[in-house]
Amino acid sequence: MHYSKNKIALVDCNSFYVSCERLFNPSIDKKPVVVLSSNDGCVISRSTEAKVLGIKMGEPYFKVKKIVKENNVKIFSTNFPLYGDISRRVMKTLRQFAPQMEIYSIDEAFLDLSSIKDQDLLEHGYEIRKTILKWTGIPTSIGIAKTKTLSKTANYIAKKEKSGVIDLVNSKQIDEILSRVKINDVWGVGHQLTKFYIKNGINTACDLKNMHNGWIKKNTSVFGSRTAMELKGISCISLEPNEGKRKSCCVSRSFGRKVVKLEDLNEAVTTHCLNAAEKIRLEEQTVKKITVFIRTSPFQVNQGYYSNSKSIELAIRTNDSIILVKKVLSILKSIYKKGYQYQKTGVIFSDLKDFDVYNKNLFSTINNEEKRIKLMKAIDCTNIKYGHNALSIAQAGLKKKFNIKKQHASKIDTACFNFLPTVRTT
Amino acid sequence: MKILLPFHLNKVGAGFPSPATDYVEDDIDLNAHLIKNIPSTFLIRVQGKSMNNVGIHDGDVLIVDKSLDPKKFSTVIVNINEELVVKTFIKEKNQSFLTSGSKEIKDKINLSDNPEILIWGVVTYVIHAL
């Protein structure tokens, strides 16, 4: 019997958004399907059949319209309420397979498999995969290895294998498998680092793994050498099962149409700010740093391109919508330029921390803090009960002129009684 | 200075305490009784009348557990001809069939003759408004 110390599995849902759309719509099984980002902007999820047609991830919709038409590719706008509910089901199911896990994104999670015997890892992987498919209908790929970076890499290969599970812990051909992964597909290796590595003859994950420690230390940053050590099987990035209270919160949207006037941008930014504020209040957090960004469409350069963002640090942490909206609007005013057709804007709250009741200051009573906390609570409860934005502040505008275009969205929400999926009797 | 004192709306009883107080329980939680496996259970609305005779009507909501395997006479959701439909699953003499709840033989679909038909989930309860 043999136990290696660290054993980590990365479970990744295959073409997650497409798989969610297929769950209640078998007519799109085995057919090319893509899901477009909000406003039907870019391709953000592709079925295997769509990948084969040459549709690339992140490509703007208008660029693939021809392929879509010629091959009868089914297109969907995002349906995040559905994806969110299915994601929660997948994560809940995964939880029974590992004492600790880290939800890494909506469709990925790291599992701590250290308690599983080495020789049982592959079988355990198959069992996870089978259960997720049966319980939630979502196909997954699983990479198992001694470090997070290796499990990511194993997962990359598992996606291309029919079995869907790759175990590097017991593998005697690690080098052979790593040489099939290009250096730019290694987790943590960005654009600049890729250029540098290729210049030095490092073209695959295997090349980086076999570089001399001395060379790595001398030539890369802390993060760069961390990745290299992890490929060598030395764990440097630990699992973070903190159930992730977020460290930052971003709300941004593309507009349904181009927006020119500052007052319209004010409305949009206020709405984003209120959404973000509600999110951090639900997790009982406060914000220190606020960022606002605006930009025009990068694809309509002839009308002039402008993109800008600005951050400020608050003197006193808060999650009070009214204070935050004031700040956000003053930032927007300072970066807004007349004469551009804006396509997207967003608000980012960062340096979030837990709300601390003792974190009072000299001005707490002057600002009527207690009353404001009660007011925020009342707003949040009303919105939870009567629907999003039932109670808002007037600055957010009454009718949303910039509402999102969602031409092809499936109208199913598995977590909402009024939008349940349907079946026919025959 | 004002001092706030608690004001009891309930009369303070001086007699024999209610014997029912030992049996105070929470409200009934339907989810806890009707849903055994939360991540694999979906609510799905019915469209159509052809399953009326097994008690499933147009507009009803089905509680469907994907993690279960069908038993003899289970009501199931199946994927037939690229569509999800409700059927009755019947197992007899090592053979499995799907019917629409009617007694007529011509409706029977033999599953071993149609290997492409997949069971999507098993219906555990029907919610029917009266």
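First the proteins, then the strands, lettered A, B, ... as listed; each starts at 1.
Heavy atoms closer than 4.5 Å to chain A are found nowhere in B:N81, neither backbone nor side chain. Using a 4.5 Å cut-off between heavy atoms, B:I38 contacts chain A through both its backbone and its side chain. Only the side chain of B:V61 has a heavy atom closer than 4.5 Å to any heavy atom of chain A. Contact annotation for B:I77: only side-chain heavy atoms (C-beta onward) come within less than 4.5 Å of a heavy atom of chain A.
With rounding to the nearest 0.5 angstrom, the CG atom of A:L133 is 7.0 Å from the NZ atom of B:K66. One finds the CD1 atom of B:I80 at 6.0 Å from the OG1 atom of A:T426 (value rounded to the nearest 0.5 Å). Distance CG/A:D85 to CZ/B:F42: 7.0 Å, rounded to 0.5 Å.
Around atom NZ of A:K51, more than 12 heavy atoms belonging to other residues, nucleotides or ligands sit under 6.0 Å away.
Near-neighbour residues of residues 418-425 of chain A relative to chain B, defined by a heavy atom under 4.5 Å from a heavy atom of that chain, comprise A:L420, A:P421, A:T422, A:V423, A:R424, A:T425. Close approach to chain B, defined as a heavy atom under 4.5 Å from one of its heavy atoms, is seen in A:L23, A:F24, A:P26, A:S27, A:D29, A:K31 of residues 15-34 of chain A, taken by number. Using non-hydrogen atoms only and a strict 4.5 Å limit, the part of residues 84-94 of chain B facing chain A consists of B:L84, B:V85, B:V86, B:K87.
For the side-chain hydrogen bond (donor to acceptor under 3.5 Å, both in side chains) condition, no pair includes a residue of residues 122-133 of chain A, sequence neighbours left out.
A donor-acceptor pair is defined here as one N or O able to donate and one able to accept, closer than 3.5 Å; no such pair exists between the side chain of B:S40 and the backbone of A:W135.
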